[in-house]
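Worksheet: one structure, shown below.
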There are 2 protein chains.
Amino acid sequence: MSNQAVPLSLDLTAVPCCPPLTQQRVSGETAALLAPAFKALGDPVRLQLMSMIASAEGGEACVCDLTPAFDLSGPTISHHLRALREAGLVDSERRGTWVYYRARPQLLRQLAALLAVEPTAPADS
Amino acid sequence: MSNQAVPLSLDLTAVPCCPPLTQQRVSGETAALLAPAFKALGDPVRLQLMSMIASAEGGEACVCDLTPAFDLSGPTISHHLRALREAGLVDSERRGTWVYYRARPQLLRQLAALLAVEPTAPADS
DNA sequence: CCTCTAGGTTGACACCTGTCTAATCAACGT
DNA sequence: ACGTTGATTAGACAGGTGTCAACCTAGAGG
């Protein structure tokens, strides 16, 4: 189940990988590749889901633990998890009855690098 | 013109400010506050606009320089710039005939901090 | 006052999204 | 084979989004 619905060029090796947004203009290609990831994080529910998955002990979270944390139906959570999966931010694996989601740090790192800003004030550098 | 359309609680002082997503669960409030920023960056055009503004020399970019860089109408660019502005990512100022946009590093820093991931492999640290 | 130029605003349109219920699928125990 | 539980898929619907053409506003300069 893990990679089936991601036929995109989500190699991420395809991306020149992120000179900070503030230092070099993002190319159209890079933008087209990374914007979907930001978009996936652009929903409060998905942002929390991402965090719950990424910060879970063992590095993975069971859907059965994620769903009850929200006031939303199961299918809706499933829908958001799929969005995260198709964005390349998480990976899923079925083990027995349960499905576990796991963060994929590669893309997260690229996003973080892209948003990097020099320390605090441009004066104290 | 700068701050008029942002009555939101975009203090950003309101946010506990970003223990990394991977280390602590993002609260509902933090998610509600930061997700719109990710959402604003979740469009290729806006991501490029953000980059062009943030990386511009002098720290600001004129709309007259931004618009011709895309194959889009003026109003569409204006629409995207507004989205960035209302997300708290940029600020605009009119000087004479032209309007200049400038990045607001605060929020960018928060987003980057939120996405921070420990180096690369937990092995080679 | 008039006009020219740079941007923004409005209204319209097609499309995408978040949410739900209902139906379906997958694995485990009888 | 059957029923139960966990999760995804399908279909539907309201609301949001990206885009444009048309119009409007703000300065600069006659």
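The chains referred to below are lettered A, B, ... by the order of the sequence lines, with proteins before strands, and numbering in each begins at 1. The figures here come from the full heavy-atom set of this structure, side chains too, leaving out hydrogens, waters and symmetry mates. Only a predicted model underlies this, so the values are computations on that prediction, with no experimental measurement involved.
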Taking only N and O in the side chain of [X], is any of them less than 4.0 Å away from OP1 or OP2 of [N]?
X: B:Arg46; N: D:dG18; result: yes
X: B:Tyr101; N: C:dG8; result: yes
X: B:Lys39; N: D:dT17; result: yes
X: A:Thr97; N: D:dG6; result: no
X: B:Tyr100; N: C:dA6; result: no

What is the nucleic acid contact for [X], judged by heavy atoms within less than 4.0 Å: base, sugar-phosphate only, or nothing?
X: A:His80; value: sugar-phosphate
X: B:Arg95; value: nothing
X: A:Ile77; value: nothing
X: A:Gly96; value: sugar-phosphate

Do you know the tightest heavy-atom contact between A:Ala83 and A:Ala40?
->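 Closest heavy-atom pair between A:Ala83 and A:Ala40: O-CB, 4.3 Å.
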Could you please name the option among [options] that lies closest to any side-chain atom of [X]?
X: A:Cys62; options: D:dA7, D:dA10, C:dG7; value: D:dA7
X: B:Arg94; options: C:dT19, C:dT21, D:dA26; value: D:dA26
X: A:Thr76; options: C:dT19, C:dG7, D:dG6; value: C:dT19
X: B:Leu72; options: D:dC20, D:dA7, C:dA22; value: D:dC20

Rounded to the nearest Å, what distance is computed from the [atom1] atom of residue [X] to the [atom2] atom of nucleotide [N]?
X: B:Leu81; N: C:dG8; atom1: CG; atom2: C1'; answer: 10 Å
X: B:Trp98; N: D:dG29; atom1: CH2; atom2: P; answer: 9 Å
X: A:Asp43; N: D:dG15; atom1: CG; atom2: P; answer: 17 Å
X: A:Asp71; N: C:dC20; atom1: CG; atom2: C1'; answer: 13 Å
X: A:Leu41; N: C:dG18; atom1: CG; atom2: C1'; answer: 16 Å
X: A:Glu86; N: C:dC16; atom1: CD; atom2: C1'; answer: 14 Å
X: B:Leu66; N: C:dG8; atom1: CG; atom2: C1'; answer: 14 Å
X: B:His79; N: C:dC15; atom1: NE2; atom2: C1'; answer: 13 Å

For A:Leu81, which of A:Thr67, A:Ile53, A:Thr76, A:Val99 qualifies under side chain to side chain contact (heavy atoms under 4.5 Å, CB included)?
->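 Option passing the side chain to side chain contact (heavy atoms under 4.5 Å, CB included) with A:Leu81: A:Ile53.
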Would you say the side-chain atoms of B:Arg82 pair up with the backbone N or O of B:Leu84, donor to acceptor, closer than 3.5 Å?
->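 Flag not set: sc B:Arg82 to bb B:Leu84 has no pair under 3.5 Å.
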Whether B:Ser55 side chain and B:Ser51 backbone form a donor-acceptor pair below 3.5 Å |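 Such a contact is found between B:Ser55 side chain and B:Ser51 backbone.
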Kindly indicate whether a cation-pi arrangement holds for B:Arg95 with B:Tyr100, taking the cut-offs as under 6.0 Å to the six-membered ring centre and within 45° of the axis.
->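 Geometry flag: set, cation within 6.0 Å and 45°.
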Working for side-chain contact (heavy atoms from CB on, under 4.5 Å), residues B:Leu41 and A:Leu111 = CA-CA 11 Å; B:Leu41 295 176; A:Leu111 300 183; over 6 Å; no
